[in-house]
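Each residue takes its place number in the sequence, starting with 1.
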Amino acid sequence: MATLIDTNVLVDLAIPTSDWHGWSRQRALDVFKRGPVLINPIIYAEFSVRYRDMDEVDRLLPQDEFRRENLPWAAAFAAAAAFRVYRKSGGERESILPDFLIGAHAAIRGYTVLTRDPKGYHSYFPSLDLITPETHP
């Protein structure tokens with residue numbers, strides 16, 4: 001079973017002093033045992049903002065461990081549809097939030113999402129299989 005790993009978990013893994021490092025490390029080890037672990041360009045960009053050197057990012061996210069996958073066109077459309085619902089319900093952002101693109105990617109492909117911030121995924125992609133602190137303490 002493939003798992004899309006959310007940026008917040010990757011940041012936790014990269015910062016050993018993070019309050020969430022232990023949980024994120026254990027859950028990441030669990031998903032690596034289950035099947036492929038993936039990231040997309042949105043996750044890569046969100047993670048990369050902390051670094052000046054792409055080689056360092058690639059060292060921290062080696063391709064043989066974190067498989068790269070582009071965002072499917074159907075996921076881009078699904079993200080836009082979820083964003084429309086968000087805006088109609090009073091959402092304040094003017095541009096599509098990264099979590100809409102990540103959630104739609106996972107929903108379209110049938111992937112599990114490893115995240116410690118499930119609220120947007122629960123609200124806009126309720127069918128997603130999530131690994132969170134609430135579901136996997």
Side-chain angles (χ1 to χ4, degrees):
M1 181 179 315
T3 303
L4 199 60
I5 192 166
D6 200 2
T7 311
N8 54 48
V9 174
L10 294 176
V11 170
D12 294 341
L13 295 174
I15 302 173
T17 58
S18 161
D19 291 343
W20 287 97
H21 180 79
W23 182 87
S24 292
R25 184 174 185 278
Q26 186 56 56
R27 297 297 80 74
L29 290 171
D30 294 345
V31 299
F32 275 110
K33 292 175 189 172
R34 292 178 14 169
V37 176
L38 300 103
I39 60 174
N40 64 27
I42 293 91
I43 296 165
Y44 187 92
E46 284 188 309
F47 182 81
S48 296
V49 76
R50 292 156 183 80
Y51 302 93
R52 295 189 184 277
D53 182 22
M54 189 172 171
D55 290 336
E56 184 175 6
V57 173
D58 289 341
R59 183 181 55 76
L60 292 168
L61 302 174
Q63 289 190 43
D64 60 331
E65 294 178 27
F66 299 94
R67 192 172 86 196
R68 273 84 164 137
E69 185 172 291
N70 286 322
L71 187 74
W73 290 102
F77 186 84
F83 186 72
R84 256 191 319 278
V85 172
Y86 164 80
R87 290 286 292 151
K88 283 183 180 178
S89 66
E92 297 178 10
R93 300 280 181 123
E94 294 298 320
S95 60
I96 293 180
L97 303 167
D99 286 351
F100 285 99
L101 295 162
I102 295 166
H105 184 173
I108 292 295
R109 293 282 198 227
Y111 298 151
T112 297
V113 176
L114 171 58
T115 184
R116 62 175 167 75
D117 185 19
K119 66 180 182 255
Y121 298 120
H122 280 309
S123 299
Y124 298 100
F125 303 99
S127 66
L128 272 181
D129 181 24
L130 299 174
I131 299 171
T132 70
E134 293 78 20
T135 63
H136 295 78

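No more than 12 heavy atoms of other residues, nucleotides or ligands lie within 6.0 Å of CZ in Arg25, so this atom counts as exposed by the packing criterion. A 6.0 Å sphere centred on CG of Asp53 holds more than 12 heavy atoms belonging to other residues, nucleotides or ligands.
Considering all non-hydrogen atoms of both residues, Thr7 and Ile102 come closest at OG1-CD1, 4.5 Å. Here the closest non-hydrogen pair linking Asp6 and Tyr121 is OD2-OH, 3.1 Å. Of all heavy-atom pairs spanning Arg50 and Glu46, the tightest one is NH1-O, 2.7 Å. Summarising the geometry of Ala28 relative to Ile5, their closest heavy-atom pair is CB-CD1, 4.5 Å, with the distance given to 0.1 Å. Annotation for Asn70 and Pro41: closest pair OD1-CG, 3.7 Å, computed over non-hydrogen atoms. Looking at every heavy atom in both residues, Ala79 comes nearest to Ala104 through N-CB, 3.6 Å.
Ring-plane geometry between Phe100 and Phe83 is classed as perpendicular, the angle between the planes exceeding 60 degrees on a 0 to 90 degree scale with a lower cut at 30.
A donor-acceptor contact shorter than 3.5 Å is absent between the side chain of Arg109 and the backbone of Ala107. Checking side-chain atoms of Asn40 against main-chain N and O of Leu71 turns up no donor-acceptor pair under 3.5 Å. With hydrogens and angles ignored, the 3.5 Å screen pairs no side-chain donor or acceptor of Thr115 with any backbone N or O of Pro118.
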Inset, instruction - Evaluate side-chain contact (heavy atoms from CB on, under 4.5 Å) for Arg34 paired with Thr3, printing each intermediate quantity in order. - result: CA-CA 8 Å; Arg34 292 178 14 169; Thr3 303; 3.8 Å; yes
Inset, instruction - Verify side-chain contact (heavy atoms from CB on, under 4.5 Å) between Leu60 and Phe47, making sure each step is shown before the conclusion. - result: CA-CA 10 Å; Leu60 292 168; Phe47 182 81; 4.1 Å; yes
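Note: Asp19 CG to Arg116 CZ = 9.0 Å, rounded to the nearest 0.5 Å. How far CD1 of Ile39 is from CD of Glu65: 11.0 Å, rounded to the nearest 0.5 Å. The CG atom of Leu38 lies 10.5 Å from the OG1 atom of Thr112; values are rounded to the nearest 0.5 Å. Between Ile42 atom CD1 and Leu101 atom CG the span is 4.5 Å, to the nearest 0.5 Å.
Contact check for Tyr111 versus Pro36: no side-chain heavy atoms found under the 4.5 Å cut-off. Side-chain atoms of His105 and Leu4, non-hydrogen and from C-beta on, do get closer than 4.5 Å to each other. A 4.5 Å side-chain heavy-atom check between Tyr86 and Ser123 finds every atom pair outside the cut-off. The side-chain heavy atoms of Leu61 and Arg68, taken from C-beta on, include a pair separated by under 4.5 Å.
Residues Leu10 and Met54 are members of one and the same hydrophobic cluster, defined by side-chain heavy-atom contacts under 4.5 angstrom among Ile, Leu, Val, Met, Phe, Trp and Tyr. Taken together through direct or relayed side-chain contacts under 4.5 Å among Ile, Leu, Val, Met, Phe, Trp and Tyr, Leu128 and Ile108 form parts of separate hydrophobic clusters. Ile15 and Tyr44 end up in the same hydrophobic cluster when Ile, Leu, Val, Met, Phe, Trp and Tyr side chains are linked at under 4.5 Å. Hydrophobic clustering (side-chain heavy atoms under 4.5 Å, transitive across Ile, Leu, Val, Met, Phe, Trp, Tyr) groups Phe32 together with Ile131.
Neither side chain, Tyr51 nor Asp58, offers a donor N or O lying under 3.5 Å from an acceptor on the other.
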